[in-house]
Amino acid sequence: MSSFSVAQLANFATRALIYEVSVNPKPGLVDPVSSGPHPDMTVFTFIDSSLSLQPYLQLCAQLGDSWTAELPGLFKELRSAGVKAEQAMFSATGGINTHKGAIFSLGILTAATAYQQRHPELMVPQVVKTMLAGLSDSDFSDVAAKPATALTAGERLYLDHGITGVRGEAEAGFPSVFKVGLPTLQRAQGTLNERLLDSLLSILSQFTDTNLIHRAGTLSILPVAQRQALAILRIGGTHTTTGKMLLRKMNTDFMQQNLSLGGSADMLILTIFMAFVEESI
Ligand SMILES: CC(C)(COP(=O)(O)OP(=O)(O)OC[C@H]1O[C@@H](n2cnc3c(N)ncnc32)[C@H](O[C@H]2O[C@H](COP(=O)(O)OP(=O)(O)OP(=O)(O)O)[C@@H](O)[C@H]2O)[C@@H]1O)[C@@H](O)C(=O)NCCC(=O)NCCS
Ligand SMILES: Nc1ncnc2[nH]cnc12
């Protein structure tokens, strides 16, 4: 793998945000053609949000590049930078949550990649795992004492069902990116847009998108959506005529049921970032 400067890594991260929103037609998500089930957002909201995060992403790369202490300390720094980045996002979007999940996940992956470049004996997922060891336990340790109205969707799903969501995914070193999204992107056929759609569907098919569960209000939505995604992949992907037809049907279903795939979109953003780093797109 080549080695990249802090500025190049920040540039990959910002481009990953813009590439993801440009992919279409995405079920349950905003794209340039449709706002999907997100009437408060358009592609322009995402462009504004992406650019507002550039200084934060540069800082994440810088922190990872220069970090010499224990890795859990790096995550503490990223989290406080992430709180400020959330404010920048909300001020750029007029209070709309476009990239809350990506601020967390992409910030971690950008910093971990910059750190790994200085420690080539390590792999990026290993850096992430070491940085985040014990995250779910510590984040969820006092949620039971919180008033129900103060709980986030992720916290409520943990309390009710033990689902660790984005925290568990990150703590495990983002397997949906390294074991699912990236390998699919590398072997998928068709245009870049179609290969990215196939990556999104493969991520959904093997991952617990808590955004989807939260919107549906029931866990039973997950296997239903996963079966739809798998049917398209098994037919040969979104570049095939039948795959395209099934994808259109999936888009309509998601729209009618007001379902979102915000968590899977975030994992696609990370997949795109890593594909830039690996020079495979
Ligand atoms: C750990 C944090 C991400 C936040 O913790 P929180 O408890 O708030 O987390 P969750 O509710 O679990 O999810 C937050 C966002 O993460 C994305 N996401 C969800 N599930 C997954 C998953 N399994 N893997 C990866 N990512 C996941 C998702 O973000 C995306 O969707 C948003 C757009 O969808 P939308 O439906 O509009 O979202 P809502 O705002 O919920 O709207 P309504 O349903 O009400 O209409 C968009 O943001 C996408 O990025 C979840 O939304 C982290 O924020 C954190 O550490 N928080 C603590 C405070 C802090 O330190 N912040 C600084 C950050 S480093
Ligand atoms: N394209 C998109 N639409 C809605 N939520 C998202 N979160 C990240 N990307 C998204």
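Note that ligands are numbered from 1 as they come in the structure, with each ligand's atoms numbered from 1 the same way. What's counted below: heavy atoms across the whole structure, side chains too, no hydrogens, waters or symmetry copies.
- With a 4.0 Å cut-off on non-hydrogen atoms, Asp31 does not touch ligand 2 at all.
- Residue Ala265 approaches ligand 2 through these ligand atoms, each under 4.0 Å from one of its heavy atoms: 8 (C), 9 (N), 10 (C).
- The heavy atom nearest to atom 9 (N) of ligand 2, considering only Glu20, His99, Met41, is found in Glu20.
- Between the side chains of Thr218 and Ser220, at least one donor-acceptor pair of N or O atoms lies under 3.5 Å.
- The contact set between ligand 2 and His38, taken as ligand atoms under 4.0 Å from a residue heavy atom, comprises 4 (C).
- Tyr19 has its ring centre less than 6.0 Å from the ring centre of Phe276.
- Remark: ligand 2 and Val21 share no N or O pair separated by less than 3.5 Å (distance only, no angle test).
- Under a cut-off of 6.0 angstrom, the local environment of NZ in Lys179 is sparse, with at most 12 non-hydrogen atoms contributed by other residues, nucleotides or ligands.
- A side-chain donor from one of Glu171 and Ser136 sits under 3.5 Å from a side-chain acceptor of the other.
- You'll find the side chain of Val180 stays beyond 4.5 Å of the side chain of Phe207, heavy atoms only.
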